[in-house]
Amino acid sequence: MLDPKFLRENTDAVRKGVARKKFQVDLDAVLAADERRRHAVTEFESARAGQNAANQAMAKLPKGSPEFVAKVAEMKALSAKVKELEKSVADAESSWRDACLTVPNIPDPSVPEGRAEADNVVAAAWGDPAALVSAAAKPHWDIPGFAKAIDFERGVKVTGAGFPFYVGDMARLVRSLVQFFLEHAAERGYTEVHAPLLVNPASATATGQLPDKEGQMYHAPTDDLYLIPTAEVPVTNFFRDEILSAADLPVKRCGYTPCFRREAGSWGAHVRGLNRLHQFDKVELVKWCAPDRSLAELESLREDAELILRKLNLPYRVLLICAGDIGFPHSKQYDLEVWAGGQRRWLEVSSCSSFTDFQARRAGIRYRDAEGKVHTVHTLNGSGLGLPRVLAAILENNLRPDGSVAVPEALRRWFGKDSLALG
RNA sequence: GGAGAGGUGGCAGAGUGGUCGAUUGCACCUGACUUGAAAUCAGGCGAGCCCGCGAGGGUUCCGGGGGUUCGAAUCCCUCCCUCUCCGCCA
């Protein structure tokens with residue numbers, strides 16, 4: 001949610017920003033709703049002030065006296081009117097709030113123009129994908145023994161499509177990756193949290209999953225709880241409706257969780273194997289910072305994520321997402337894509353974003369500055385990293401002629417061996 | 001799951017229908033005293049929204065929602081949560 005005052009005073013800038021994002025929003029309707037709301041509030045409050053004054057006067061009158069009785073009769077009408085006005089305030093506020101929720105965040109000036117994915121800008125690249133292209137390279141699902149090590153069939157039987165079992169050394173490799181990601185995050189100054197995997201509607205609303213993306217989450221109706229689509233939800237909500245101290249900023253947290261996504265309607269040719277799952281593991285990096293720091297924090301967040309791929313020796317590129325392809329709440333966004341030599345394509349393994357105050361306003365996360373003034377914080381998050389696609393890249397890029405997979409040096413500490421035998 | 005008790009400002013803890021956004025203590029901030037600190041004293045010290053250039057004024061919020069009343073932290077309904085005991089269970 002944008003700052004209503006900012007929207008009121010910088011309507012043109014918002015209009016331009018929204019246009020850059022290619023979103024269709026009736027800003028005039030939002031402004032009109034704001035106008036109606038403020039009018040209703042003013043009207044209600046002056047009526048209420050009159051009622052309060054009269055009630056205070058009544059408190060001094062002896063109960064049951066003729067003046068008192070007369071006053072009660074007189075006040076009944078005012079009371080009814082106040083109630084009516086109160087209701088119209090509630091109506092005006094809720095429709096204004098609904099209108100506000102339709103307005104996306106505006107892109108940072110440094111975000112490039114563009115309509116769609118194809119217009120994203122390669123901001124950085126590391127490693128040499130060409131070196132990994134060979135006739136022997138194959139998609140991970142075609143590696144002999146894959147079906148046994150990552151058992152989709154059993155997953156279908158037990159749960160459904162997109163819920164594979166990782167078996168034996170493959171399970172160990174998954175666990176090693178989680179450990180490695182978490183250790184890396186700790187080295188980079190993030191405090192680990194182990195978070196709830198189900199959240200209530202208030203939390204899902206605060207981070208923006210509700211109401212728009214309701215269909216993407218699994219829901220447990222008996223208790224009205226949602227399975228988290230990302231650790232971003234519980235980790236960000238940790239500070240919901242709280243006021244942080246400026247001295248504590250930036251706050252950096254990381255969390256490992258399984259993530260659950262229904263992925264309704266997003267299955268196609270490019271989502272075989274590990275490329276898209278209903279349940280997958282991820283370590284998420286989350287930051288809360290002062291507004292003047294968010295762009296710098298985004299750069300360091302991106303660097304934190306990039307370093308993981310370097311340590312794993314996986315070629316990658318960084319895309320600066322263009323205005324037309326950036327998400328609704330985002331101000332600026334980088335995607336990290338790892339090279340999967342067998343599929344010969346880039347796979348997104350991290351999305352690092354700044355939300356400015358957009359998400360924090362919705363979540364009620366603020367900070368108190370040195371003068372004691374309260375402001376909305378800026379929030380950022382990024383994956384560090386999403387596990388299955390990293391695993392896919394390792395399997396495809398490190399496949400040896402004998403069918404085994406070389407385990408990256410960085411993982412051996414936890415994996416215990418330098419090679420993984422499938423099958 | 002059953003029975004009982006309770007949810008008030010950063011914390012502790014008063015307040016059971018009327019001038020209560022709320023006594024008091026702690027914490028915190030400012031000032032005085034002090035070479036400095038401690039102690040002491042004085043003052044300040046929640047958030048949201050509306051009006052106003054501003055100074056400032058108004059209004060809402062005592063777990064959430066609804067109700068009764070001229071008036072609700074206080075009474076009623078309902079939901080959520082916490083604690084104690086019992087039951088069940090990893």
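All chains are named by letter (A, B, ...) in the order of the sequence lines, taking the proteins before the strands, and each is independently numbered beginning at 1.
As a whole-Å value, the separation of A:E242 CD from B:A47 P is 15 Å. Atom NZ in A:K83 sits roughly 12 Å away from atom C1' in B:G66 (whole-Å rounding). Atoms CG (A:D224) and C1' (B:G64) sit 14 Å apart, rounded to a whole Å. Rounded to whole Å, the distance from CD on A:E93 to P on B:G65 is 13 Å. Following rounding to the nearest Å, A:M75 (CE) and B:C70 (C1') show an atom-to-atom distance of 5 Å. Here B:G71 presents its C1' atom at 9 Å from CG of A:N52, a figure rounded to the nearest Å. Between the CD atom of A:E86 and the C1' atom of B:G71 there is a distance of 13 Å, given to the nearest Å. What separates CG of A:D241 from C1' of B:G10 is a distance of 16 Å, to the nearest Å.
With respect to A:D357 and A:R366, no salt bridge is recorded, no charged nitrogen being found less than 4.0 Å from a carboxylate O. The pair A:D34-A:R37 meets the salt-bridge criterion, since a charged nitrogen lies less than 4.0 angstrom from a carboxylate oxygen. In this structure, A:D3 does not pair ionically with A:R8, as no charged nitrogen and carboxylate oxygen lie closer than 4.0 Å. Ion pairing of A:R115 with A:D119 is absent here, as no side-chain N (NZ or NE/NH1/NH2) approaches a carboxylate O to less than 4.0 Å. Salt bridge annotation for A:K311-A:E187: present, with a cationic side-chain nitrogen under 4.0 angstrom from a carboxylate oxygen.
Taking a pair to require two hydrogen-bonding distances under 3.5 Å in either a Watson-Crick or a G-U wobble arrangement, B:C75 pairs with B:G67. Under the Watson-Crick or G-U wobble criterion, with both distances below 3.5 Å, B:G21 is left unpaired in every strand shown. With a cut-off of 3.5 Å on both Watson-Crick or G-U wobble distances, the partner of B:G9 is given as none. B:A32 is paired with B:U40 under the Watson-Crick or G-U wobble criterion, all donor-acceptor distances under 3.5 Å. The partner of B:C61, taking Watson-Crick or G-U wobble pairs whose two distances both stay under 3.5 Å, is B:G46. As the counterpart of B:G56, B:C51 is assigned, both hydrogen-bonding distances of the Watson-Crick or G-U wobble pattern falling under 3.5 Å. Pair assignment for B:G1 gives B:C86, based on Watson-Crick or G-U wobble hydrogen-bonding distances that are each under 3.5 Å.
Comparing the C1' positions of B:A73 and B:G63 gives an interatomic distance of 12 Å, to the nearest angstrom. Comparing B:G7 with B:G64, their C1' atoms sit 12 Å apart, to the nearest whole Å. The gap from the C1' atom of B:U74 to that of B:U23 amounts to 16 Å, rounded to the nearest Å. Atom name P, nucleotides B:C20 and B:C83: the rounded distance is 35 Å, in whole Å. On the P atoms, B:A42 is 50 Å away from B:C79, given to the nearest whole Å. For the P atom pair drawn from B:C11 and B:G4, the interatomic distance equals 30 Å after rounding to whole Å. Nucleotides B:A39 and B:A47 place their P atoms 26 Å apart, quoted to the nearest Å. B:G65 and B:C80: their C1' atoms are spaced 10 Å apart (whole Å).
At the phosphate of B:A47, neither OP1 nor OP2 sits under 4.0 Å from any side-chain N or O atom of A:R366. Checking the phosphate oxygens (OP1, OP2) of B:A47, a side-chain nitrogen or oxygen of A:R368 falls inside 4.0 Å. The phosphate of B:U69 (OP1 or OP2) has no side-chain N or O of A:S79 nearer than 4.0 angstrom. Checking the phosphate oxygens (OP1, OP2) of B:U60, a side-chain nitrogen or oxygen of A:R48 falls inside 4.0 Å. For the OP1/OP2 pair of B:G58 and a distance below 4.0 Å, the side-chain nitrogens and oxygens of A:R38 include no atom meeting the criterion. The side chain of A:R37 places an N or O atom within less than 4.0 Å of a non-bridging phosphate oxygen (OP1 or OP2) of B:C50.
If A:T42 and A:S46 are placed on RNA chain B by their nearest nucleotide, the residue sitting closer to the 5' end is A:T42. Nearer the 5' end of RNA chain B, as judged by each residue's closest nucleotide, is the contact made by A:D34, out of A:D34 and A:K71.
Ranking B:U19, B:G18, B:C70 by closeness to the A:K60 side chain, first place goes to B:U19. For A:V374, taking side-chain heavy atoms from C-beta onward, the closest of the listed nucleotides B:C70, B:A47, B:G58 is B:A47.
Backbone-only engagement by A:Q51 is indicated by non-hydrogen atom pairs under 4.0 Å involving sugar-phosphate atoms exclusively. Across all strands shown, A:R36 has no heavy atoms under 4.0 Å from either base or sugar-phosphate atoms.
Side-chain atoms of A:Y316 and A:E337 form no donor-acceptor pair, as typed in the model, at a separation below 3.5 Å. In summary, the side chains of A:S95 and A:D98 do not present any donor paired with an acceptor at a separation below 3.5 Å, with no hydrogens or angles considered.
Between the base of B:G18 and the side chain of A:K63 there is a donor-acceptor pair shorter than 3.5 Å.
Of the options A:Y367, A:F239, A:Y190, a ring pair (Phe, Tyr, Trp, His ring centres under 6.0 Å) to A:W288 is made by A:F239 and by none of the others.
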